[in-house]
Amino acid sequence: MDLGTREGRGPKNVTILEVKNLNKRFGGLQAVGDVSFSVKQGSIKALIGPNGAGKTTLFNLLSGVLPPDSGTIIFNSTEVQGMRPYQVATKGMSRTFQHIRLFTHMTALENIMIGRHMHSRAGFVAGMLSLPWTRKEERSVRECSLDIMAFLGIADFADTEATSLAYGQQRALELGRALACEPKLLLLDEPAAGLNMRETAEMAKLISRIRDTGITVLLVEHDMSLVMNISDEIAVLSYGQKIADDKPLAIQKNPEVVKVYLGEEE
C-alpha cells in the first residue's frame with residue numbers, strides 16, 4: 001500500500017460525502033435533528049460542538065453503527081444510510097472511536113493486519129490449508145501493514161503487544177488499522193483525546209499528512225487549536241442541530257458559535 005501523495009483518489013472540490021436532513025431520536029431526545037452538510041474530496045472537515053451536541057451519534061449514523069430515522073447519506077455517489085458497518089467500510093469509509101478499541105492480546109502489526117484482511121480474498125478454509133496463493137497474499141498483507149506502521153512512525157513496535165504501547169502510540173495504531181482498510185473517507189472520533197500537548201501536535205501533523213495522501217478526513221474533536229490549525233471547513237452542532245458551517249476564520253467570528261461555547265454574545 002503506497003501512502004505517498006496520491007492524485008488518483010479523485011479531484012479536489014468534488015463532494016465525496018453529502019448528508020441531507022438526517023434525523024435520529026432516542027425516545028423523547030432528538031439527538032440529531034434535520035442535519036445537512038457536505039465534505040469535499042481531499043479536505044479535512046471538522047464537526048465541533050459542546051458535549052451532548054450529537055457529534056458521536058452523527059458519526060454512528062454515517063458509519064452504519066446506528067440507522068437514521070430519516071434522511072439521506074450519499075457517500076461517493078452511493079446512498080449508504082441503513083447499511084451495516086462492514087458494508088459501509090467496503091465502500092471506502094473507515095473510522096476510529098473516541099475510546100481506543102485495539103485487540104489487546106495481539107501485536108501492533110497484527111492489529112493493522114486485521115484491518116488489511118478486509119481486502120484479502122482468502123477465506124478461513126483456504127487460510128487453514130495454507131495454499132501457495134494464500135501464503136503470497138498473507139505476505140502482501142504483512143508488507144502493506146508494515147508500510148503503514150512506517151508511515152505512522154511506529155514501525156519499531158511491530159512485534160510489541162498493543163497494550164504495551166504508550167497511549168499516543170496506541171492512538172496512532174488505531175489510525176493505522178483504519179488506514180489498512182484503504183479508505184477514501186476517514187472518520188476520526190476525537191483523535192487527540194487523552195493526548196498531551198506534544199502528542200496533540202504530532203497527531204495534527206499526522207492527520208494533515210493523511211489528507212496529503214488524498215484521503216478525505218472528517219473529524220470530531222474538542223481541541224480547538226488542532227481543529228482550527230488543520231481544518232478546511234468546520235460544521236458546528238448544538239443540541240443536535242447544525243448552527244454553522246464555514247471556513248475556520250468565519251466560525252471563530254460567528255456570534256452564534258461564540259454564544260454556544262462561551263454562554264454569551266461576542
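Residue numbers run from 1 in the order of the sequence given. Bear in mind the structure is a predicted one, so any value in this text is a computation, not a measurement.
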Relative to Phe151, does Arg209 satisfy both conditions: NZ or CZ under 6.0 angstrom from the six-membered ring centre, and within 45 degrees of the ring's axis? yes

Tested for side-chain contact (heavy atoms from CB on, under 4.5 Å) against Lys45, the lone hit among Thr216, Leu17, Leu218, Ile234 is Leu218

Can any side-chain N or O of Glu199 pair as donor or acceptor with the backbone N or O of Asn196 at less than 3.5 Å? yes

Whether the Asp189 and Thr96 side chains hold a donor-acceptor pair (N or O, under 3.5 Å, no angle test) is what I'd like checked. no

*Do side-chain atoms of Glu18 reach the backbone of Ser38 as a donor and acceptor pair under 3.5 angstrom?*
no

Other residues, nucleotides and ligands only: do more than 12 of their heavy atoms fall within 6.0 Å of CZ on Arg84?
no

Query raised in the report: Does CZ belonging to Phe37 count more than 12 external heavy atoms closer than 6.0 Å?
Result: yes

- [ ] Test side chain to side chain contact (heavy atoms under 4.5 Å, CB included) on Met149 and Ile112 and set out the steps.
- [x] CA-CA 8 Å; Met149 295 193 76; Ile112 293 181; 3.3 Å; yes

Next on the checklist: With a 3.5 Å distance limit and no angle check, can you tell me whether Asn76 reaches the backbone of Ile16 through a side-chain donor-acceptor pair?
Outcome noted: no

Next on the checklist: Any salt bridge linking Asp69 with Lys24? Criterion: basic side-chain nitrogen under 4.0 Å from a carboxylate oxygen.
Outcome noted: yes

For the pair Gln169 (side chain) and Ala166 (backbone), establish whether a donor and an acceptor sit closer than 3.5 Å, ignoring hydrogens and angles. yes

- Query: Checking Lys55 side chain against Glu190 main chain: does a donor-acceptor pair fall under 3.5 Å?
  - Reply: no

Examine distances only and state if a side-chain atom of Gln30 and a backbone atom of Val32 form a donor-acceptor pair shorter than 3.5 Å.
yes

query = Are Ile74 and Leu186 connected in the hydrophobic side-chain network, where two residues link if heavy atoms are under 4.5 Å apart?
reply = no

### Residues Lys259 and Glu256 bridged, charged N to O under 4.0 Å
no

### Query
Leu61 and Tyr239: same hydrophobic cluster, using ILVMFWY side-chain contacts below 4.5 Å?
no

* Asked: Just by modelled atom types, is the Leu102 backbone N or O under 3.5 Å from a matching donor or acceptor in the Asn111 side chain?
  -> no

### Exam field: side chain Ser238 to backbone Gln241, donor-acceptor pair closer than 3.5 Å
no

Here the gap from Met203 atom CE to Arg171 atom CZ, rounded to the nearest 0.5 Å, amounts to 7.0 Å

Only one of Leu185, Ile210, Leu187, Ile230 passes side-chain contact (heavy atoms from CB on, under 4.5 Å) with Val217, and that residue is Ile210

Side chains of Glu79 and Thr72, heavy atoms from C-beta outward: is any pair under 4.5 Å?
yes

Check whether Asp232 reaches the backbone of Ser43 with its side chain - one donor and one acceptor, N or O, closer than 3.5 Å.
no

Sorted by chain and residue number, the side-chain contact (heavy atoms from CB on, under 4.5 Å) partners of Thr200 (sequence neighbours excluded) come out as Ala192, Leu195, Asp223, Leu226

Discussion item. Taking Asp246 first and then Lys253, would you say they form a salt bridge - that is, a charged N and a carboxylate O separated by under 4.0 Å?
Written reply: no

Q) Does Ser225 offer a backbone N or O that forms a donor-acceptor pair with the side chain of Asn229 under 3.5 Å? A) yes

